[in-house]
Amino acid sequence: MRWIRWMVPLLVVGLLVSLAGMAYANGGPHGGYTPTTDACAGCHRAHTAQGPNLLTAASTYELCMSCHGASATGADTNVADGVYTDRQGGGEGTVNAPLLGGGFVNYQSATVTSIHDVDGTQSAAWGFGVARGSTANLPGPLTCGSCHDPHGSNNYRIIREEIAGTTVTVDQVDESAKDYTVEQWPDNVTNACVACHGAYHVTRANSGEDNSDDGSGNADYGGDISTYAHRVDMSYQYGSNADPETTGYGGYTLPLTASKYVACQTCHLPHGTAATMTTLATGPNTGDSALLRLDNRGVCEVCHQK
Amino acid sequence: MTSEDPRSLSPTPETDPRASEAPEPTAPAAPPPAEPFLRVEGVGPQAPAPEVLSFAVPDLSALAEPPADETRRRKLLAVLAVLLVALCGVVYLFVRYLNRPEPLPELLPVPVEVNYPPHFVFAFYDVNAPLGVALSPDGKRVYVTESEGDRLIKMFDTQGNLIRAFAPPRTTAAERAPVYIAVDARGRVFVSDRLQHAIFVFDAEGNYLDAILGPDLTLSEYIAKHTGQTPDPGAFAYDIFEPEVHYRTPDGDERTLPRPDAPTWAPLGVSFDPSGRLIVTDVAREQHRVLVFPAEVIAADDWTDFEPEVFAFGAFGEGEGQFQFPNKAVVDALGRFIVSDGNNGRLSVWSPEGEWLFVTGTGGGGAGLNLPRGLALDERQRLHVVDAVGQVVRVYDFASEEPAFLFTFGTMGSLKGQFNYPNDIAIDATGRLYITDRANDRVQVWSY
């Protein structure tokens, strides 16, 4: 039994080393932790916390904004204005290029017209376990941490690996090639959206056909107000569609995934947009731009060019 | 006044046998006695003289009699003298305080090292998510930058009354992000703008003067070199989101020029050292460093030939001599540069020549920093560090070679004296501290 005396400590050390190796090395304080890291105290208090998850503040939004706000005093990703404040990629890159997610206060120097409201209020999501066109309350208040994991995740945009109780898989882009202003989306980037907006995850061929039964293993919530919905996770090629990413229309372009698939993010900005809606495009919620990237229905024309 | 007068201090018949032995029959009639100042039952003009004299009139004759009481008298005089000197001292301190208010220990003729935390005085609220704060040279104006709402630069008096608000010309709220602010000896106001990648300069009243667009470029210089004419101060404007800069000719015509090349820096923290050098923290992508502009160039009236010999130190990273988002730098009495190394959670100390010396403010306990942002030194070389996520101000003694932690003040919250993401601090000569309390939308005033 003498071997137990050295085997046990060895196993403990081995376990610690293996756990340390699991820490993600995302940017800034969002990963790369060591067994004796001092980073925890940056945001947490063990005995004197002021908010959930032992946070130093009651508001997750304010905590994030202390680095990522308009002042960008601790990060180049200014999510208030939706800009990357420095030259993305170094060298001659553009200064103040738009962020991939849009902005929560302004976007492209204009006040936003719709946002994902992440100030910690209880929110309802469209199609969250209910039919399209209907909303259901999320399990908890919507915050930055609802979609992003501040401790890092398996992708550089630190998108959570579980959102609203649903496992989310978003493939990693090479860490060394990460870019916050140029889309480098894996084909499964849509998973981050459909964790909450599941009823809109229509993947059956032929968008204009009856797709109330998805047929692809995705949830069919039934009772939809419409059985017809635009498909995602598909190639942009349909009829005479132009490549929205390279050709575009009238100077406007839209991003696609790595395999040229259409994702939710092709038409929508997840943080917020300053697009404006007029007359027919206003819809039932006046002034709500539904997170669309372009004014009115510009997102339709970029591909379909009618 | 006769012996019958109850107020008389003359010897009484009972106490002085001479009085009873030889009454003067020819003495003139006594005038009517005055009303006694205290009437006691059975005592008064109508009462017999012995009773009147028995009224408790203190025997003060001892005071007049020198031999036995001389010592006592001298002691009394000594006490009076001491009291007089003390009174003079208090009057002196009071008059001096009125002329130049300072914390009490610093008013005393003998230096007294007392390190106690300041106390909360009041707060003013007419600001939206304030970040930077600075004081005019006379301490009578408080300049504050806003990070939300209209994102203005606001000027207050010391009671928190708004005097004026201003912003870089031709910019909208969405196009500007004023952060840190500093005031030079002439009262000019320097404001770093994170979106514009520039330092905008205003006069003491908030009138726009010029913009520093890079370590060796000002807007007035750019226009002068492209037009061959020296523009009037403030007769030009720059917006990084616009393709052109606007200027007004001496004839009053509005003209435009193509915008300068994209900036190569990202100024964040601004401050002045005692010699008038402008100290800027630069957080341009992966070249985080500190820039020191010579005083003579910055103090000049004309920046149309702006070629300062900028002295720089630091690099991006977590190691020795590296920064991650240095927020502000100040110079102590020993000439050392002290930098709040924000995302590395520490203070980085450099020699006057720009050689890295050491870091401090790391680790646990009260001295350990979380997210250091604004810095300010007081006259006693106490460095005040605003810990934005720690929600406190930590104070260190930098009077000697080896700094020491002194104390922390403030707690997290929204009540008086509580912070919700504080960011910057300014201290006046009287020991008053102005601290921006971002998420509480106010500026707190504390005092020693």
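Every chain is numbered from 1, with letters handed out A, B, ... down the list of sequences.
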Who wins among [options] for the most heavy-atom pairs under 4.5 Å with chain B?
options: A:Asn96, A:Asn78, A:Thr111, A:Asn106; result: A:Asn96
options: A:Leu63, A:Val83, A:Val105; result: A:Leu63
options: A:Ala75, A:Ala80, A:Cys67; result: A:Ala75

Would you please classify the geometry between the [Y] ring and the [X] ring as parallel, tilted or perpendicular, with 30° and 60° separating the classes?
X: B:His384; Y: B:Phe409; result: perpendicular
X: A:Tyr33; Y: A:His151; result: perpendicular
X: B:Phe200; Y: B:Tyr238; result: tilted
X: B:Phe325; Y: B:His288; result: perpendicular

If I measure from the heavy atoms of chain A, does [X] come under 4.5 Å with its side chain, its backbone, both, or neither?
X: B:Arg176; result: neither
X: B:Val283; result: backbone
X: B:Leu131; result: side chain
X: B:Leu369; result: neither
X: B:Ala266; result: side chain

_Is there a side-chain contact between B:Trp265 and B:Leu217 in this structure, where contact means two heavy atoms from C-beta onward sitting under 4.5 Å apart?_
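A side-chain contact under 4.5 Å is absent here.
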
*chain A: which of B:Thr145, B:Asn327, B:Thr172 shares the most heavy-atom pairs with it under 4.5 Å?*
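Most heavy-atom pairs within the cutoff with chain A belong to B:Asn327.
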
*Sort out for me which of B:Ala129, B:Ala177, B:Ala284, B:Ser147 touches chain A most, counting heavy-atom pairs under 4.5 Å.*
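Among the listed options, the one with the most contacts to chain A is B:Ala284.
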
_Heavy-atom cut-off 4.5 Å, strictly under: side chain, backbone, both or neither for A:Ser59 against chain B?_
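Looking at A:Ser59, just its backbone touches chain B.
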
*asked:* Can you tell me which portion of A:Cys43 sits under 4.5 Å from chain B's heavy atoms? Options are side chain, backbone, both or neither.
replied: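 Backbone only.
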
*Presence of salt bridge, A:Asp76 and B:Arg194, under 4.0 angstrom*: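 Answer for the salt bridge query: yes.
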
*Between B:Arg394 and B:Asp387, is there a side-chain N and carboxylate O pair less than 4.0 Å apart?*
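Counted as a salt bridge, because a side-chain N and a carboxylate O are separated by less than 4.0 Å.
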
*Side-chain H-bond candidate by donor/acceptor type, B:Gln196 with B:Asp239, under 3.5 Å*: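 There is such a pair between these side chains.
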
